[in-house]
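Here is the structure we will look at, set down as structure tokens.
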Amino acid sequence: MITKPPHRSPSALTLVSLLLAAGLSACSSTPPRAPAPPASLVTIDGDTTEWPSGANMAADGSNLYFGFSVPGAPFTLQAADESVVLALDTDASTSTGQTSDLKAFDQLGIDVEIVFSPRKPDGSAGNGVALARVDSAGNRTAINHGEADFSFAPTFANPAYEGRFSRFIAQAPELARAGLVRGIFSIRDAQGQIVGYSDPFEVRLPAAKRAPLADVVIPQKPLNSVRLVSWNILRGKPVDEPAVFARMLQALRPDVVLLQEWNRGTEAELKSWFTVHVDPAVDWNVRLLEQPADKPGLTGGVAIVSRLPLSPAAPTPKVESDNVRAIAAKVRSPLGEIAVASIHLKCCGSAAGPEEARRIAEASAVNATLKTLRAPMVVVGGDYNLVGGRAPLDTLANTLDAGGNLAPAPAFLLGERLMTTWRDDPSPFSAGRLDYVLTSPSTLSVAQTFIVDTRRLTDGALAMMGLDRADSAASDHMPVVVDLTTPPAKK
């Protein structure tokens with residue numbers, strides 16, 4: 001049984017009031033009556049403006065959607081000192097699941113919990129997200145977040161979040177029925193005690209129906225455009241499994257490829273790989289920050305590969321005496337000269353940790369390098385590792401466009417309303433958006449942009465493109481594609 005904790009003042013991560021969507025008062029036992037947004041309008045992109053005030057859950061035949069905000073200083077949801085918990089009474093009955101005498105919880109039988117930053121078995125701070133089935137005794141059976149198709153946005157510290165997960169989960173079969181689902185958000189401290197909670201809420205599930213796989217193919221590149229692809233290819237894996245990556249690149253037919261984690265070999269070897277496996281008729285131009293022998297895995301591995309002419313690489317950005325994983329050069333394109341950069345910022349940590357300080361410093365160094373190129377058109381793609389705050393992206397984008405800052409291309413998965421670019425089902429972290437392509441909006445227009453995940457496409461679509469369903473599992477990151485044109489002339 002959970003007992004009601006004594007009242008205490010909130011800290012940055014301890015919330016006596018957890019505000020759902022646009023804000024609900026805590027400690028009320030009355031479910032809010034704000035209408036849920038139409039599920040067809042919910043896009044998991046980190047922009048929660050589609051959620052009406054007071055609404056925090058929606059459903060369609062295949063998925064449940066949630067949106068919430070938190071007061072106080074934003075913190076990283078998957079790397080916090082305390083846990084945010086979404087508890088669901090999936091059959092709207094206290095006869096199943098875990099019950100409590102805490103007033104806000106006393107009408108719920110909790111069957112499923114989604115815990116952001118779960119505690120480790122030894123009680124120390126954990127990270128990631130844990131999904132579990134809960135029985136009446138409080139025992140938990142883990143649910144893999146890949147099986148649940150769980151995703152939320154953004155991955156960085158933010159005032160508001162939104163996410164979704166499947167109604168077709170083996171451990172929670174009652175989600176695949178029409179009926180009522182109730183729930184509540186709470187905060188648990190380091191001892192697992194509930195120190196803050198929202199009002200309870202409820203949503204009515206429509207009849208369940210599995211969403212079909214997306215019967216879409218990779219769009220053709222528009223006329224008079226430049227297709228750019230950014231892709232973290234998982235520690236040089238194309239060297240060992242060339243066919244998988246070759247199929248994808250042949251299907252995409254990029255003009256410029258920004259690579260991260262090509263940690264194997266030399267510039268000449270990378271050029272040879274593209275000649276042999278992608279298109280032997282092209283004289284590929286390559287710029288590679290090679291992996292130094294004395295610092296394996298720390299620097300290097302970023303590259304630009306282009307069908308179009310490339311200038312020599314700009315000087316490598318540095319933080320203190322260390323190279324930043326970034327390489328920049330100018331591409332001579334039909335649109336004009338474009339300064340492009342492939343980057344791989346420091347991974348891991350949280351908004352308040354040393355890793356975040358390093359990411360910001362690296363972003364600042366890349367920004368300074370790009371300014372030396374003095375190009376009116378700028379594109380920066382790569383693995384931004386935004387698992388702390390948004391500051392690294394904003395620092396890098398700052399004043400690199402003639403009209404102000406660079407802007408991220410709004411890439412969604414083909415056939416989906418998700419911006420997921422990274423997925424690793426065995427990882428404690430759920431799928432999310434780590435990869436971005438920034439462009440200069442005053443001089444470049446994004447004609448179209450998308451992310452490819454072959455696991456979400458029909459067999460027919462895959463066959464038309466020459467791809468296999470398992471191709472996207474070759475890397476934990478998916479390719480982000482941006483087709484660039486010049487803006488229309490102002491009247």
Side-chain angles (χ1 to χ4, degrees), residues 19-22 34-70 74 77-78 86 114 116 129 145-146 148-168 185 201 203 205-206 209-216 218-219 230 384 386-387 390 393 407-423 429-439 441 446-453 455-457 472 477-483:
L19 304 185
L20 303 182
S40 60
L41 298 182
V42 179
T43 56
I44 310 306
D45 56 3
D47 178 358
T48 59
T49 55
E50 72 266 36
W51 291 87
S53 176
N56 51 289
M57 184 156 276
D60 58 22
S62 55
N63 294 295
L64 274 166
Y65 305 83
F66 61 89
F68 66 95
S69 62
V70 292
L77 201 55
Q78 293 191 96
L86 168 55
I114 299 171
F116 296 93
V129 60
H145 50 68
D149 196 21
F150 183 88
S151 180
F152 80 97
T155 58
F156 52 82
N158 202 57
Y161 298 94
E162 60 186 348
R164 85 172 201 193
F165 54 95
S166 173
R167 289 178 60 187
F168 296 91
F185 282 88
F201 55 85
V203 65
L205 302 179
K209 182 180 180 181
R210 287 186 184 271
L213 294 170
D215 192 27
V216 294
I218 291 169
S230 179
Y384 284 66
L386 294 187
V387 296
R390 186 187 157 105
L393 185 149
F412 285 87
L413 285 163
L414 279 177
E416 282 282 7
R417 303 196 305 273
L418 299 171
M419 285 187 162
T420 300
T421 68
W422 178 88
R423 174 179 169 180
F429 297 96
S430 74
R433 185 187 188 189
L434 299 181
D435 305 84
Y436 294 77
V437 176
L438 305 184
T439 69
V446 176
Q448 62 186 356
T449 180
F450 53 90
I451 305 155
V452 182
D453 185 350
R455 292 161 291 201
R456 298 182 179 274
L457 305 178
S472 288
H477 293 255
M478 288 158 270
V480 181
V481 184
V482 182
D483 291 333

Of the non-hydrogen atoms in [X] and [Y], which two are nearest, and what is the gap between them?
X    : Y    : value
F168 : S62  : CE1-CA, 4.0 Å
S430 : V129 : CB-CG1, 3.4 Å
N63  : S166 : OD1-CA, 3.5 Å
P206 : G61  : CG-N, 4.0 Å
A39  : A59  : CB-O, 3.6 Å
G46  : N158 : O-ND2, 4.1 Å

(Q) Are F152 and F116, when compared by the centres of their aromatic rings, separated by less than 6.0 Å? (A)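 When the ring centroids of F152 and F116 are compared, they turn out to be within the sub-6.0 Å range.
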Say whether, by atom type as modelled, one donor and one acceptor occur between the side chain of [X] and the main chain of [Y] under 3.5 angstrom.
X    : Y    : value
R417 : V42  : yes
H145 : F429 : yes
S230 : V437 : no

If we only count heavy atoms from C-beta on, is the [X] to [Y] side-chain gap below 4.5 Å?
X    : Y    : result
P154 : Y161 : yes
W422 : T155 : no
V446 : T439 : yes
E50  : T43  : yes
T449 : P410 : yes
L414 : I218 : yes

Supply the atom-to-atom distance [X] [atom1] to [Y] [atom2], rounded to the nearest 0.5 angstrom.
X    : Y    : atom1 : atom2 : answer
N56  : Y65  : CG    : OH    : 15.5 Å
I44  : M419 : CD1   : CE    : 11.0 Å
R433 : S151 : CZ    : OG    : 11.5 Å
D453 : M478 : CG    : CE    : 5.0 Å
L418 : R423 : CG    : CZ    : 10.5 Å
Y384 : D435 : OH    : CG    : 10.0 Å

Q: Before giving the answer on side chain to side chain contact (heavy atoms under 4.5 Å, CB included), spell out for L386 and Y436 the whole-Å C-alpha distance, their side-chain angles and the decisive distance to 0.1 Å.
A: CA-CA 10 Å; L386 294 187; Y436 294 77; 3.7 Å; yes
Q.
Could you work out, with side chain to side chain contact (heavy atoms under 4.5 Å, CB included) as the rule, every residue matching A214, not counting sequence neighbours?
A.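 Applying side chain to side chain contact (heavy atoms under 4.5 Å, CB included) to A214 gives V216, L457.
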**Q.** side chain to side chain contact (heavy atoms under 4.5 Å, CB included) partners of V481, counting only residues at least two apart
**A.**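 Listed in chain order: R227, V229, L252, F450, D483.
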Q: Would you check, one step at a time, whether the test side chain to side chain contact (heavy atoms under 4.5 Å, CB included) holds for F156 with L393?
A: CA-CA 11 Å; F156 52 82; L393 185 149; over 6 Å; no
Q: Only pairs at least two apart or in different chains count here, so list each salt bridge (Lys or Arg N to Asp or Glu O under 4.0 Å) that has a residue in residues 154-167.
A: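 Output for this query lists D149-R164, R164-E416.
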Q.
Determine whether V387 and Q78 satisfy the following criterion, side chain to side chain contact (heavy atoms under 4.5 Å, CB included), listing intermediate values before the conclusion.
A. CA-CA 8 Å; V387 296; Q78 293 191 96; over 6 Å; no
**Q.** Trace of the side chain to side chain contact (heavy atoms under 4.5 Å, CB included) decision for F68 with W51
**A.** CA-CA 9 Å; F68 66 95; W51 291 87; over 6 Å; no
